[in-house]
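Let me begin by presenting the structure, written as structure tokens, before commenting on it.
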Amino acid sequence: MAEILDFIREVVAEDVRSGKHEGRVATRFPPEPNGYLHIGHAKSICLNFGVAEELGGTCNLRFDDTNPTKEEVEYVDSIKESVRWLGFDWGDREYYASDYFDRLYDYAVDLIKAGKAYVDALSADQIRQYRGTLTEPGRNSPHRDRPIEESLDLFARMRAGEFADGALVLRARIDMASPNINMRDPTLYRILKVPHHRSGDTWCIYPMYDYAHPISDALERITHSLCTLEFEDHRPLYDWTLDQLDVPSHPQQIEFARLNVSYTVLSKRRLLELVEGHDVSGWDDPRMPTLVGLRRRGYTPGSIRDFCRRIGVAKKESVVDVAMLEHCLREDLNRWVPRRMAVLRPLRVVIENYPEGQAEEVDVINNPEDASAGTRKVPFSRVLYIERDDFREDPPKKFYRLAPGREVRLRCAYFLRCTGVVKDAKTGDIVELRCTYDRATRGGNAPNGRKVKATLHWVSATHAIPAEVRLYDRLFSVESPGAGGRDYKEDLNPDSLEVVKPCYLEPGLAAATVGEHYQFERLGYFSVDLDSRDGQLVFNRTVTLKDAWARIEGRNLVDSR
RNA sequence: UGGGGCGUGGCCAAGUGGUAAGGCACGGGACUUUGGAUCCCGUAUCGAAGGUUCGAAUCCUUCCGCCCCAGCCA
């Protein structure tokens, strides 16, 4: 079945068919290096690189670095790493708008000579006043009709550093009465006596996005310039700029809706605030929707690409359910991630009829989805740990795990029956379970065909290794943080991080290395965090497994209210 | 109240005049040595109202709602 094309792919495919742009396809991903990439950028990356790849074209990585006051090399490095991690390759086509500063300057001179731009001496404040409002036209600047020679001279001196920041500005001469505010003589160049992370102090005037972007696209002979909806109003300016100049090509700008995901925020400003306000541990905090955060959390590039494919590309502003992202993740991980046993909240179990001091090894399946993954040996002995949640002294309806008198299966080991509960004399807390096992059920099946309703994961107390596990929940507790005029920080989920320690892992996990993925059976997918040290493993819970019991239990809670 | 966009089930999203794809979520069932996975089954008349037409989500009209734009940010 042919994949359904989104409207952008349709346009590009049609252009290839009709021979527009000589049938070429050239796109670009143009991040501004002023922050880390997030899942929203992934949508754009997948679109731009995807379209190019599918139609035999190319996709450039271009840093839109025209504002030295906000941009840093730290960001370009991380952006490159994230794009690569996502699985895309820009070859040698790594560009920077700053590489075009010379040509951009020359084009500006052309504009002035053609009477299409002028140097204005109005202050930022005055320009705002002259701009008019949404419903009233603007007024011409008194300097709008300054002689061309004068503008040329002033512009050269702006470049030479003769004026202070903000003293002068180069403006396009378009139409102060345009209903499109972007066309009311937009600023093209401003003075910024700030060193640039690439061009150093070569320049003290810097081009604005609306001017630099179309020309950069044209110089790279981009065919389709894909951007988000908020730039739709800028398209007339994009086209105007290219129409005035003798540039190598005239790319077509097409806008699509940016991605929003429920229970998180996706704006650089807010993400920066979370980092600077220490609401998270950094850009790569596993709860962050940044690519470095998702990566550390244990998300795979493939799952993110799949997600971007599934959400589609359209012009409707939408909020995609984070459950969709999690679904893509689980689907990927389920296929290949090795299973292991780990007990997060241990409850001690003593098997009274199992010989003291004895131990044996049982064969445990590595991945039921993949027979070739084989089995491994896991030690079993008289004292085990099971999950506290897997025992209820007074089991509610539909709870079919362990309870007094009940028999369950220990995964790939034996049937186990609970014969007694040991409690702390003072607190009444359950501290240990007394049980018996049926040695005839080795491997997990009863010779007499007897069935059990539950299978529990377990770990041998004497063999298990301790570890720290970090459990994450959504960063925000509401679907759209900050909706209804609230401060989005009020919506932060106070329980988004829970550190559990010590947890007990089957011994083979001692060899786990940073970044590895595992499924802890019945609990979820986990990955080894970079905070791990020798003998002190730290795991991040990437995502839980779907949990039917939790749903039933939750539903009952709601029902009983 | 200027301009530019957008409105298809809870969330995405196909559909471009011929009688509403698919995915996620949700509910039910089968199967199961992860209450996982897998497999079945189930849920919309398309923002509203008029109109054109044998026939409209698709064309026309009007209305309603939501988003973006008044940075020397991108």
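By convention in this document, chain letters (A, B, ...) are assigned in the order of the sequence lines, proteins followed by strands, and residues within each chain are numbered from 1.
- Geometrically, A/R28 does not engage A/Y95 in a cation-pi contact, judged by NZ or CZ lying under 6.0 Å from the ring centre and within 45° of the ring axis.
- Rounded to whole Å, atom P of B/C67 lies 15 Å from atom CG of A/L134.
- For the pair A/R171 CZ and B/C72 C1', the computed distance is 10 Å after rounding to whole Å.
- Atom-to-atom, CD of A/E71 to C1' of B/C73 comes out at 9 Å; the value is rounded to the nearest Å.
- Across B/G71, B/G35, B/G5, the shortest atom-to-atom separation from the side chain of A/R401 is found for B/G35.
- Contacts of residues 204-220 of chain A with RNA chain B (heavy atom under 4.0 Å): A/P207, A/M208, A/Y209.
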Open item on the list: For nucleotides 9-18 of chain B, give me one character per nucleotide, 5' to 3': B if any protein heavy atom sits under 4.0 Å from the base, S if the only such contacts are to the sugar-phosphate, - if neither.
Closed with: --SSSSSB--
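- In this structure, the side chain to side chain donor-acceptor pair (under 3.5 Å) partners of A/S303, at least two apart in sequence or on a different chain, are A/T300.
- Distance CD (A/Q129) to P (B/C72): 13 Å, rounded to an integer number of Å.
- Contacts of A/E369 classified as side chain to side chain donor-acceptor pair (under 3.5 Å), with partners at least two apart in sequence or in another chain: none.
- Distance, A/H234 NE2 to B/A70 C1': 11 Å, rounded to whole Å.
- Looking at A/D233, its side chain comes within 3.5 Å of the base of B/G3 through a donor and an acceptor atom.
- In this view, A/F29 satisfies the ring-ring contact (aromatic ring centres under 6.0 Å, His included) rule with no residue, not counting sequence neighbours.
- The local environment of CZ in A/R258 is sparse, with at most 12 non-hydrogen atoms from other residues, nucleotides or ligands closer than 6.0 Å.
- Counting non-hydrogen atoms under 4.0 angstrom, A/Y400 reaches a base of the nucleic acid.
- The number of heavy atoms from other shown groups lying within 6.0 Å of CZ (A/R269) is above 12.
- Looking at the side chain of A/E369, the nearest of the listed nucleotides B/A37, B/C24, B/G71 is B/A37.
- Base pairing in RNA chain B yields stems of at least 3 consecutive Watson-Crick or G-U pairs, both distances under 3.5 Å, namely B:2-7 with B:64-69, B:10-12 with B:22-24, B:26-30 with B:38-42, B:47-51 with B:59-63.
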